[in-house]
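Report on the following structure.
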Amino acid sequence: MKTIDPDSIVKAVPVELFIGGLWRPASDGARIRVADPATEQEIASVASASVADGLDAVTAAYEAGPGWAATAPRKRAEILRRAFELMTGRADELAALIVLENGKTLADARGEIAYAAEFFRWYSEEAVRGTGTVQTAPSGTNHILVLRQPIGVSVLVTPWNFPAAMATRKIGPALAAGCTVVLKPASETPLTALAIAGVLTEAGVPAGVVNVLPSARSGAVVQSMMDDPRVRKVSFTGSTEVGRRLLAGAGRTVVSSSMELGGNAPFLVFADADLEAAVDIAMVAKMRNGGEACTAANRFYVERPVAEEFTALLAARMGELRMGHGLDEGVTLGPLVNAESRDKVADLVARTVALGATAVTSGSTVDGAGHFYPPTVLTGVPAGAPVLTQEIFGPVAPVVAFDEEAQAVALANDTEYGLVSYVCTGDLARGLRVAQALDSGMVGLNRGVVSDPAAPFGGTKQSGIGREGGHEGMLEFTESKYIAVEW
């Protein structure tokens with residue numbers, strides 16, 4: 001990595017609202033305190049948008065809409081490609097910025113920037129593939145012409161755990177489809193979103209096409225935008241609880257909604273799996289971003305003959321992780337994003353241990369500054385324990401033994417969530433059979449990472465509606481228009 005002063009990284013980012021191509025303070029002067037989760041010290045003060053600012057952003061996006069929709073797909077593609085190149089060229093600075101406001105390790109942050117930039121490259125290629133269809137009607141009396149047109153002004157609401165990737169995963173397909181956007185990033189991590197606004201402007205995105213609106217008044221600001229009839233799309237990534245509220249609000253004006261919500265991912269290990277490889281996969285699936293991911297493995301179900309050995313191997317690997325500031329050399333586990341997140345994880349573990357589970361590694365908070373929680377493996381976890389029924393969002397791995405395949409599938413599916421599942425087995429037929437039986441939108445078969453810009457990302461049940469990534473991700477930002485025509 002280049003030698004860069006962290007203070008200079010933060011100071012290079014504008015800290016105002018980005019509306020209509022201009023940087024401006026909040027209408028009432030409100031600010032958000034942005035803190036480093038590893039030190040709890042303030043690193044920046046960012047403008048906090050009001051309801052009036054939100055409506056101004058909608059106006060800017062609405063006025064820029066016709067021009068952007070009419071822009072040639074090839075030109076939109078070239079702008080997105082340029083954004084990819086700029087992000088890639090500034091990967092070190094952007095990664096350090098993520099570490100400072102999110103807390104993840106530098107290695108994790110570098111991986112996120114590479115992943116985030118790929119959405120701009122992928123959708124630069126998809127922008128020219130917004131194809132419709134034409135066919136003869138079955139009656140033979142006319143033709144059926146279907147066009148794919150941009151849906152319109154889109155409100156994008158992103159979480160703090162992947163502040164770059166969650167933004168580009170929404171902005172990329174929206175811009176490729178010809179939509180204008182208002183991005184509302186999480187209050188904990190607004191700096192990365194503001195930096196991306198600068199990248200897009202430099203890449204050639206016209207004023208008003210992308211607006212970035214940090215706000216500590218998320219509910220009121222987002223709902224006011226959704227109530228505006230000029231807004232035709234809301235795309236949200238976050239908790240199922242907030243997603244339910246947004247869906248209820250979207251019903252007032254029938255706004256098209258895409259929701260990527262919570263997860264409770266099962267991780268199944270069969271006795272025929274290569275256990276060393278399974279632990280490698282488990283560490284990726286569990287510990288990416290310190291466990292603060294909706295795709296994180298949440299519940300480890302291991303076939304009984306190998307449960308003890310797998311647990312010992314996993315505990316050893318978890319115990320090797322070194323906690324500290326994400327920019328410090330050798331650190332492999334950063335802090336959780338805030339005190340609330342740390343306290344929630346600690347509470348889940350404490351309640352589970354009180355029910356009879358055993359903490360093989362750690363199981364308690366540490367003293368000192370920063371929102372740190374040590375890597376923890378739990379065994380003897382009883383059915384219905386909090387760590388099995390709730391999304392952990394931290395470095396905790398509960399292990400439960402199972403006896404047969406059908407039981408493993410039943411345990412895995414016993415949740416209201418259905419985002420992703422993981423399967424480790426040496427039997428390909430079994431792996432595919434189990435993957436088909438799992439009630440989730442995605443399955444990692446002998447893989448700890450499923451996310452790919454070219455693949456449709458999303459879940460079943462209360463893990464969401466719609467898909468991001470792939471060609472499907474761009475279609476979420478389009479409307480199908482059918483034209484009946486004779487010739």
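Just so it is clear, the model here is predicted, and its values are computed rather than measured. Nothing fancy with the numbering, it's 1 onward along the sequence.
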Side-chain (R169) to main-chain (G469) donor-acceptor, under 3.5 angstrom: no
Evaluate the side-chain proximity of F457 to L419: yes if any heavy-atom separation is below 4.5 Å, no if none is. yes
Report yes or no: does T460 contribute a side-chain atom to a donor-acceptor pair with the main-chain N or O of D439 at less than 3.5 Å? yes
Could you go through L213 and M225, starting from their C-alpha distance and side-chain angles, then the distance that decides it, and tell me whether this counts as side-chain contact (heavy atoms from CB on, under 4.5 Å)? CA-CA 11 Å; L213 210 67; M225 292 191 289; 4.1 Å; yes
Heavy-atom distance under 4.5 Å between the side chains of L348 and V396, does that happen here? no
What closest approach, in Å, do R447 and I281 show between heavy atoms, and which atom pair accounts for it? C-CG2, 3.5 Å
Give a yes or no answer on whether the side chain of S48 reaches the backbone of A216 with a donor-acceptor pair at less than 3.5 Å. yes
With rounding to the nearest 0.5 angstrom, report the CG to CG distance, L388 to L411. 9.0 Å
Please confirm whether the ring centroid of Y301 lies under 6.0 Å from the ring centroid of Y422. no
For the CE atom of M87 and the CD1 atom of I113, what is their distance to the nearest 0.5 Å? 4.5 Å
What's the separation between atom NZ in K11 and atom CG in D5, rounded to the nearest 0.5 Å? 7.5 Å
List the steps and the verdict of side-chain contact (heavy atoms from CB on, under 4.5 Å) for M226 and L246. CA-CA 9 Å; M226 290 169 56; L246 287 177; 3.8 Å; yes
Check whether any side-chain heavy atom of L194 sits under 4.5 Å from a side-chain heavy atom of P214, and report yes or no. yes
side-chain contact (heavy atoms from CB on, under 4.5 Å) evaluation trace for L100 with V10: CA-CA 8 Å; L100 290 169; V10 173; 3.9 Å; yes
To the nearest 0.5 Å, atom CG of L314 lies from atom CE of M283 at 6.5 Å
Considering all heavy atoms, the nearest Y417-Q462 contact: CD2-O, 4.1 Å
Any non-hydrogen side-chain atom of M287 less than 4.5 Å from a side-chain atom of R317? no
Kindly indicate whether a cation-pi arrangement holds for R288 with Y115, taking the cut-offs as under 6.0 Å to the six-membered ring centre and within 45° of the axis. yes
Apply side-chain hydrogen bond (donor to acceptor under 3.5 Å, both in side chains) to K184 and S218, showing your working. CA-CA 8 Å; K184 213 301 291 181; S218 301; 2.8 Å; yes
Hey, does P395 have a side-chain heavy atom less than 4.5 Å from the side chain of L336? yes
Note, F393 side chain near N161 side chain (heavy atom, < 4.5 Å): yes
Please evaluate residues N264 and N298 with respect to the criterion side-chain hydrogen bond (donor to acceptor under 3.5 Å, both in side chains), reporting the C-alpha separation (whole Å), side-chain torsions for both, the decisive distance (0.1 Å), and the verdict. CA-CA 5 Å; N264 188 9; N298 214 56; 2.6 Å; yes
With distance as the sole test, does N338 use its side chain to make a donor-acceptor pair with the main-chain N or O of E188 at under 3.5 Å? no
How many angstroms lie between atom CG of L428 and atom CZ of R433, to the nearest 0.5 angstrom? 10.5 Å
Write down the atom of L106, the atom of A95, and the distance for their closest heavy-atom approach. CD1-CB, 4.1 Å
Basic-acidic side-chain contact under 4.0 Å: E85, R81: yes
Indicate yes or no: does R31 engage E42 in a salt bridge with an N to O separation below 4.0 Å. no
For the backbone of T415 and the side chain of K461, can you confirm whether one donor and one acceptor N or O come within less than 3.5 Å of each other? yes
Any sub-3.5 Å donor-acceptor pair from T361's side-chain atoms to P375's backbone N or O? yes
Could you work out, with ring pair (Phe, Tyr, Trp, His ring centres under 6.0 Å) as the rule, every residue matching F300, not counting sequence neighbours? F267
Distance only, no hydrogens: is a donor on one side chain within 3.5 Å (strictly under) of an acceptor on the other, for S258 and E468? no
Judged by atom type as modelled, is there a donor-acceptor pair below 3.5 Å linking the side chain of D274 to the main-chain atoms of A277? yes
Would you check if the side chain of E476 reaches a backbone N or O of R467 as a donor-acceptor pair within less than 3.5 Å? yes
Testing the 3.5 Å rule here: is there a donor-acceptor pair between the side chains of Q223 and R245? no
If you compare all heavy atoms of V13 against all heavy atoms of I9, which two are closest, and at what distance to 0.1 Å? CG2-O, 3.6 Å
Donor-acceptor pair, distance only, cut-off 3.5 Å: does the side chain of N413 make one with the backbone of A437? yes
Is any side-chain heavy atom of T295 less than 4.5 Å from a side-chain heavy atom of V449? no
Answer yes or no: is there a donor N or O on one side and an acceptor on the other, between the side chain of T237 and the main chain of S235, under 3.5 Å? no
Dump the intermediate steps for side-chain contact (heavy atoms from CB on, under 4.5 Å) on L200 and L86, then the final yes or no. CA-CA 9 Å; L200 289 165; L86 288 170; over 6 Å; no
Is the CD atom of E308 crowded by more than 12 outside heavy atoms at less than 6.0 Å? no
If you compare all heavy atoms of P190 against all heavy atoms of E101, which two are closest, and at what distance to 0.1 Å? N-OE1, 3.3 Å
Minimum side-chain heavy-atom gap Y123-T168 below 4.5 Å: no
So how far is it from E260 CD to T158 OG1, rounded to the nearest 0.5 Å? 11.5 Å
Minimum heavy-atom distance between G324 and F372, given as atom pair plus value: O-CE2, 3.4 Å
